[in-house]
Protein chains: 2
Amino acid sequence: MFTKVLVAEDYEIANQGIIKVLNEHIGIPCIEESKYCDDAYLKFRKAFNDQNTFQLLITDLSFREDHNIQTITSGEALIKNVRSIQTDIKVIVYSQEDRPDKINMLFEKLNINGYVCKGQHAIRELIECVQGVYEGKTVHPPELTNNPEASMMIQLDELDMILLEELSQGATKKEIRVKLKDLQISPNGESYIDKRVSKLFDDFKARNTPHLIAIVKDLGLL
Amino acid sequence: MFTKVLVAEDYEIANQGIIKVLNEHIGIPCIEESKYCDDAYLKFRKAFNDQNTFQLLITDLSFREDHNIQTITSGEALIKNVRSIQTDIKVIVYSQEDRPDKINMLFEKLNINGYVCKGQHAIRELIECVQGVYEGKTVHPPELTNNPEASMMIQLDELDMILLEELSQGATKKEIRVKLKDLQISPNGESYIDKRVSKLFDDFKARNTPHLIAIVKDLGLL
DNA sequence: CATCTCCATACAGATTTCTGTATGAGCGAA
DNA sequence: TTCGCTCATACAGAAATCTGTATGGAGATG
C-alpha cells in the first residue's frame, strides 16, 4: 500500500476526515495535508528534492480564495504542476463535482487515476479508490458508471460554450458576432449564431435565452 | 460543556471530521451521527422518550437524495421538527451556504443558535461556536460580521422572487402577467412588471434578462 | 457527373424586450 | 388643503429575439 500521501483540500473538516480514513481504515503511515495549492506544491517539491517523494496526491478541485494570494488556484493547475515534476505520481481527485463530462475531462486531459465524489458514501468510495489506484487501476466513481445520463449525450463544442458564456454575460447577438470576428472564430454570421442558439434551445428544451441560461447554470455547465 | 450531541450531515467525510473535532478538541463524550434527516429525527425522538435528551444539534442544510426515500429532506425541516418536540434545544447549522440573507433568515426565522461556514477555518470556528452557544450566546459566522457586503443590501420581496423564478423558466412578460392575475397577486400591470425587472437590472448591474438570470443563479438566489 | 445532404450565411416578419414618457391614486408632511 | 413623493398602470417606439425560408458552397455517394 502507499506509504506517503499528500492531501490538498482547503476545507478543514474534510481534510481531517480524509486523513482519518487514510490512517484508520487503510493504515497509511505518512500523510501530509495542505489547505493551499501553493503550499501543497511546495511540500511536494521539497519531498521530491529530498528524494522522499509522495506516491499519491489526493486533491480537491476548487479552493476558496482568501487573504493569502496564491499563484496556483485550482486543483487542476496543481495536478499539472505536480505532474510536470513527477510524471508518474498517482492522482485522486476528491470533489463535489458530479457532472459526468467534467469528470471525464479530468480522466482524459489530466490523466488522473481516480475520482471520488464528496457524498454519502465517500468513505467506502475513497477506500476502494485508493486500493484500486494502488493496484494500477483507473477508478471511476460508481455514481458515474451506473448512470449513463441523458443530459450527458448533449455534445457542446467550443462555439456553443462561447455562445453560452457571452449570452450569460448579457452580450447581444450583434456583439457576439463582432467578438467572434475579432477572435477570428470562423462561423460568425449573425443568422448562424441564431441557428446555433436555437439548436441549444432544442437540446436543452429551453423556451428562450433566459430559460437556457437558467438551465445551463443549473447543470453547472457555466 | 455539552455532553450529548447529534450531528446530522450526509457527507461522510465531513461527518467524521466534525466528530473528530468535537471529540478531540472540545472533549464531548457522547456524539451520535446521522446521514439522513429522518434517521436524525428518530434518534432525537428516541433519546427524548428515554429522557436522555440531546443538548445540541449540529446539522447541514442540504442533504442529497438517494434511494432511501425521506420524509424530512432538508436541514431546515429537521430543525423545525426537532424544535417542535424540544423547544429549547440548541442548534448549530454547519453548511456551505455563505449568502448573508440566507444565513440571517436562519437566525431570524428558525432561531438557530450558531452558524459555521464550511471552509478553511471551520475547525476553529466550530470550536468557538460550540463554546459560545454553550455559554448561551448566539454565534454568527465571522465571515458575515466582518463583511457588510454590498450584495447584502439588495432587498428582494416576494414579487421580485416570482419574477426571477418565472423568467428563469422561460416565461414571457405577458405570461407572467397572466400568472400573477391567476394567483391574485396585486401589482400585475405589464408595464409595472417591466419596471420591476428594470429595477432588478439596476440592482444587479445586469444588461438584460439572460445576464440577470446568470447573476442571480451565480449568487444562488434561485 | 448528378444528386443529396450538411454547413454557413442572408433576409424578412412576427413577437418580445427594453426604455421613456404620461397619468392617476394614495399617503405623509407642511 | 395642497404639495411632493412613491406606487401602479398605460402607451409607444426603437432594438433585439425568435423563426422560417432561401441561397450557395463543400463534401460524400452512387
Side-chain angles (χ1 to χ4, degrees), chain A residues 153-219 221-222, chain B residues 101 152-219 221-222:
Chain A
M153 303 296 95
I154 301 171
Q155 283 297 335
L156 301 179
D157 63 15
E158 201 198 337
L159 179 59
D160 289 316
M161 290 307 293
I162 293 174
L163 293 182
L164 290 174
E165 181 64 29
E166 289 295 319
L167 287 174
S168 79
Q169 290 177 10
T172 149
K173 305 248 166 95
K174 250 177 214 151
E175 290 171 333
I176 293 176
R177 176 183 203 180
V178 172
K179 187 140 200 170
L180 288 176
K181 276 187 174 170
D182 286 353
L183 294 174
Q184 301 188 338
I185 294 172
S186 64
N188 56 33
E190 202 167 322
S191 48
Y192 187 61
I193 294 174
D194 276 353
K195 285 272 181 297
R196 282 296 275 258
V197 175
S198 290
K199 192 178 165 306
L200 290 173
F201 290 171
D202 288 347
D203 288 345
F204 291 103
K205 307 197 194 317
R207 301 173 58 190
N208 50 34
T209 313
H211 194 195
L212 176 65
I213 296 300
I215 291 169
V216 296
K217 284 282 181 189
D218 282 343
L219 289 175
L221 293 171
L222 279 183
Chain B
D101 50 349
M152 224 309 58
M153 303 296 96
I154 301 172
Q155 284 296 336
L156 301 180
D157 63 16
E158 200 197 339
L159 179 59
D160 289 317
M161 291 307 293
I162 293 175
L163 294 181
L164 290 173
E165 181 64 29
E166 289 294 321
L167 287 174
S168 78
Q169 289 177 10
T172 81
K173 306 251 165 89
K174 247 176 217 153
E175 290 171 334
I176 293 176
R177 175 181 205 183
V178 172
K179 186 139 200 171
L180 288 176
K181 277 188 173 168
D182 286 353
L183 293 174
Q184 301 187 340
I185 295 172
S186 65
N188 57 32
E190 204 167 322
S191 47
Y192 186 62
I193 294 174
D194 277 353
K195 285 273 182 295
R196 283 295 275 258
V197 176
S198 290
K199 191 177 166 308
L200 290 173
F201 289 170
D202 288 347
D203 287 345
F204 291 103
K205 306 197 196 318
R207 300 175 58 192
N208 49 34
T209 313
H211 194 195
L212 176 65
I213 296 301
I215 291 169
V216 297
K217 283 283 179 186
D218 283 344
L219 289 174
L221 295 172
L222 278 184

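Atoms considered below: every heavy atom in the structure, side chains included; atoms not considered: hydrogens, waters and symmetry mates. Quantities reported herein were computed from a predicted structural model and do not represent experimental measurements. Proteins get letters first, then strands, A, B, ... in listed order; numbering begins at 1 in each.
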Next on the checklist: Distance check needed: C/dG13 P versus A/E190 CD, whole Å only.
Outcome noted: 17 Å
Next on the checklist: If I take atom CG in residue A/D194 and atom P in nucleotide C/dA10, what distance separates them, rounded to the nearest angstrom?
Outcome noted: 12 Å
Item to check | B/I176 CD1 - C/dC18 C1' separation (whole Å) | outcome: 14 Å
Checklist outcome for this item: The nucleotide from C/dT16, D/dC18, C/dA10 with an atom nearest the side chain of A/F201 is D/dC18
Item to check | Check: A/T172 side chain, D/dA16 base, donor-acceptor under 3.5 Å | outcome: no
Item to check | Integer-rounded Å distance: C/dT17 P and A/R207 CZ | outcome: 10 Å
Next on the checklist: Let's see if you can work this out: which of D/dC7, C/dA8, D/dC18 has an atom nearest to the side-chain heavy atoms of B/Y192?
Outcome noted: D/dC7
Checklist entry - C/dT17 C1' sits how many Å from B/L163 CG, rounded? => result 14 Å
Checklist entry - Whole-Å distance between C/dA10 C1' and A/K174 NZ? => result 14 Å
Item to check | Base C/dT9 to side chain A/K181, donor-acceptor N/O within 3.5 Å cut-off | outcome: no
Checklist entry - Hey, is the side chain of A/K195 pairing donor to acceptor with the base of D/dT21 inside 3.5 Å? => result yes
Checklist entry - Picking from D/dT9, C/dT17, C/dA8, which would you name as closest to the side chain of B/S191? => result D/dT9
Item to check | Presence of B/R177 side-chain N/O under 4.0 Å of D/dA10 phosphate oxygens OP1/OP2 | outcome: yes
Checklist entry - So, is B/N208 close to the D/dA16 phosphate, meaning a side-chain N or O under 4.0 Å from OP1 or OP2? => result no
